[in-house]
Amino acid sequence: CFQLMEAVTPAVIPLKLRSLDAPNWAIALIITTLPGTMNMTVCPWVSYASDRHRGPLGRRIPFILWSLPFLVVFLLLLGFSGQIGHALHATLPGTWGISPAGAGIICIGVFMVGFQFFNMFVSSVFWYLFNDVVPHNFLGRFLGLFRVVAGIETMLFNFFIYRHAETHMTEIYIGAALVFGTGMLLMCLKVKEGEYPPPPPTVDGEYGLISQIKTYFVECYSQKYYWNLFLCTGAWVIALTLGAFNVFMQKSIGLTLAQIGMISGVVSAVNIFLTYPAGALGDRYHPLRVLFWVKVANLFFLPLALIWLFFDFPPEAAFKISLAISAINIPFSVLTEAMKIPMYMRVLPMDRYGQFASANALIRSLATVVGGFLAGLFLDLMKHIYGGSDYAYRFIPVWSIFWSVIALFFLWRLYGDWRRLPEQARAGNS
């Protein structure tokens with residue numbers, strides 16, 4: 001249910017904004033910059049407070065439970081943003097000069113702020129809960145099974161629902177809100193957290209806000225070992241900032257929404273069969289080690305996506321080539337997703353996992369804000385160079401490859417530091 005909610009917004013909102021003739025910078029602002037800003041402000045506090053909270057429901061579930069109703073409401077508001085935008089335009093004085101499309105864009109932006117604010121409480125703490133209730137020797141396999149369920153759901157979404165994203169946005173969001181709200185409520189009622197030791201002390205022994213902020217920054221940002229992880233994550237995120245525009249690149253080479261959904265559905269179907277073995281591989285050989293070698297191997301295949309810069313193919317051939325490139329990338333994407341979260345859980349301290357994970361997210365959010373803005377400018381520059389043509393979207397892989405190389409450099413440094421740790425520290429959670 002969580003994964004459905006996470007999948008709907010980045011898949012549907014860019015199409016809605018494009019139908020309203022929103023400029024690329026506005027799409028990047030709403031899809032990447034606004035969430036990144038929330039990650040930089042709300043997420044660190046939620047994570048720090050969650051690590052140190054002790055209550056009858058545990059330290060994670062209360063943050064999810066009390067944020068859930070608000071998140072469902074904003075999902076519904078996003079679904080009705082078109083209707084609300086038209087109603088707003090009809091009631092505004094004509095002197096304001098806001099078009100119906102402009103009113104719709106404003107509504108989406110406002111509702112996305114509310115959605116992202118409450119999503120910070122749920123989406124961050126939700127992942128921390130795994131680290132508290134799942135035995136670490138089984139994290140890879142647990143997350144593998146988690147992704148099997150999510151993959152089946154994603155496959156069904158891409159095959160049967162995504163093709164209606166431009167015409168039935170309201171119905172899609174109503175369904176997502178109902179499924180998400182029901183499923184997450186049941187999880188909060190059924191999953192039980194264990195007992196926790198007393199929360200760790202602050203660096204100066206005080207308990208005020210200033211002391212908490214000082215503790216957060218001193219503990220998280222004073223060690224080079226963690227900075228390699230943070231910078232790797234930041235470059236990784238910048239490489240993916242143009243992901244929301246991939247649909248426009250695919251349409252520029254002649255694919256229809258039905259074909260795009262079919263490719264995504266096939267990829268999701270294959271992912272289902274590979275996800276659990278990938279998780280078991282991480283449990284056996286350590287997710288950091290596996291992730292490093294996967295990213296090294298992947299670097300040799302990333303340039304395949306540059307083919308669209310040099311050749312135009314008939315629509316049917318473009319579909320087959322896109323499907324082939326996606327198939328080649330499947331093992332790398334499956335292994336990357338299977339290793340990423342277990343790697344964080346094995347590298348970061350368990351008693352303050354939320355705090356350190358949010359410190360990583362803070363850098364990721366800063367990268368999202370800056371990278372999203374620069375990526376939007378990059379696309380607008382390409383569109384200017386090519387006379388407004390959608391050919392500009394074919395430069396998305398160039399952006400991704402450049403930042404993926406930088407991410408691999410910091411991952412290599414992290415892997416080297418990890419190998420130099422004592423065996424006990426490498427095997428555990430120190």
Side-chain angles (χ1 to χ4, degrees), residues 9-11 13-18 20-44 105-106 108-109 112-113 115-116 119-120 221 227-253 295 298-299 302-303 305-306 308-309 333 336 340 358-413:
T9 296
I13 291 297
L15 293 171
K16 181 64 176 179
L17 289 170
R18 185 67 184 273
L20 297 172
D21 293 323
N24 289 326
W25 67 263
I27 298 176
L29 175 70
I30 292 173
I31 299 299
T32 60
T33 304
L34 287 177
T37 303
M38 292 292 178
N39 253 327
M40 293 171 59
T41 52
V42 181
C43 185
I105 294 170
I106 292 171
I108 291 175
M112 279 291 288
V113 169
F115 168 77
Q116 292 296 343
N119 194 31
M120 288 298 102
Y221 295 121
W227 267 110
N228 288 324
L229 174 64
F230 299 155
L231 293 175
C232 171
T233 299
W236 210 340
V237 166
I238 295 177
L240 300 175
T241 47
L242 292 178
F245 296 90
N246 278 332
V247 61
F248 305 134
M249 184 188 80
Q250 292 169 312
K251 292 178 77 171
S252 78
I253 64 176
K295 300 309 284 186
N298 190 31
L299 196 61
L302 287 176
L306 299 178
W308 310 113
L309 285 173
S333 62
T336 297
K340 192 164 54 175
S358 72
N360 187 42
L362 188 60
I363 301 300
R364 183 172 65 235
S365 301
L366 181 61
T368 301
V369 171
V370 176
F373 176 72
L374 294 177
L377 291 180
F378 171 75
L379 279 185
D380 284 336
L381 175 62
M382 292 298 104
K383 293 208 77 169
H384 175 73
I385 292 174
Y386 290 95
S389 168
D390 281 354
Y391 178 85
Y393 294 114
R394 304 188 191 189
F395 283 87
I396 290 175
V398 175
W399 176 274
S400 300
I401 291 170
F402 175 79
W403 288 101
S404 294
V405 171
I406 295 176
L408 180 58
F409 169 75
F410 289 110
L411 184 62
W412 168 70
R413 288 171 58 91

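Note that the structure is predicted; figures quoted are calculated from it, not measured.
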Can you give me every donor-acceptor pair (side chain of residues 234-246, partner residue at least two apart or in another chain, under 3.5 Å) with its distance?
residue : atom : partner : partner atom : Å
Thr241  : OG1  : Ile238  : O            : 2.7
Thr241  : OG1  : Trp399  : NE1          : 3.2
Asn246  : ND2  : Gly243  : O            : 3.4

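- Contact of the Ile363 side chain with the Tyr221 side chain is registered, since non-hydrogen atoms from C-beta on lie closer than 4.5 Å.
- Remark: Asp21 pairs with no residue by the salt bridge (Lys or Arg N to Asp or Glu O under 4.0 Å) rule, at least two apart or across chains.
- Listed by first then second residue, pairs satisfying salt bridge (Lys or Arg N to Asp or Glu O under 4.0 Å) with a partner in residues 393-403 read Asp312-Arg394, not counting sequence neighbours.
- Under the side-chain contact (heavy atoms from CB on, under 4.5 Å) criterion, Ala11 pairs with Phe157, Tyr162, sequence neighbours left out.
- Taking the side-chain contact (heavy atoms from CB on, under 4.5 Å) definition, one finds that Val405 meets it with Leu299, sequence neighbours left out.
- Lys251 meets the side-chain hydrogen bond (donor to acceptor under 3.5 Å, both in side chains) test with no other residue; sequence neighbours excluded.
- Within the structure, the side-chain hydrogen bond (donor to acceptor under 3.5 Å, both in side chains) test picks out the following pairs touching residues 368-386 (sequence neighbours left out): Asn24-Asp380, Lys383-Asp390.
- Here the CD1-CG distance, from Ile385 to Leu381, works out to 4.0 Å after rounding to the nearest 0.5 Å.
- Residues that satisfy the side-chain hydrogen bond (donor to acceptor under 3.5 Å, both in side chains) test with Thr233, not counting sequence neighbours, are Tyr344, Asn360.
- Other residues, nucleotides and ligands contribute at most 12 non-hydrogen atoms within 6.0 Å of the CH2 atom of Trp412.
- Between Ala361 and Cys43, the shortest heavy-atom distance links the atoms CB-SG, 4.3 Å.
- Residue pairs that meet the salt bridge (Lys or Arg N to Asp or Glu O under 4.0 Å) test with at least one member in residues 24-34, sequence neighbours left out, do not exist here.
- Checked options Ile31, Leu20, Ile27; the residue passing with Ile108 is Leu20 (criterion: side-chain contact (heavy atoms from CB on, under 4.5 Å)).
- Remark: aromatic rings of Phe230 and Phe410 are distant, center separation not under 6.0 Å.
- Annotation: ring pair (Phe, Tyr, Trp, His ring centres under 6.0 Å) contacts of Phe115 (sequence neighbours excluded): none.
- In this structure, the side-chain contact (heavy atoms from CB on, under 4.5 Å) partners of Phe402, at least two apart in sequence or on a different chain, are Ile406.
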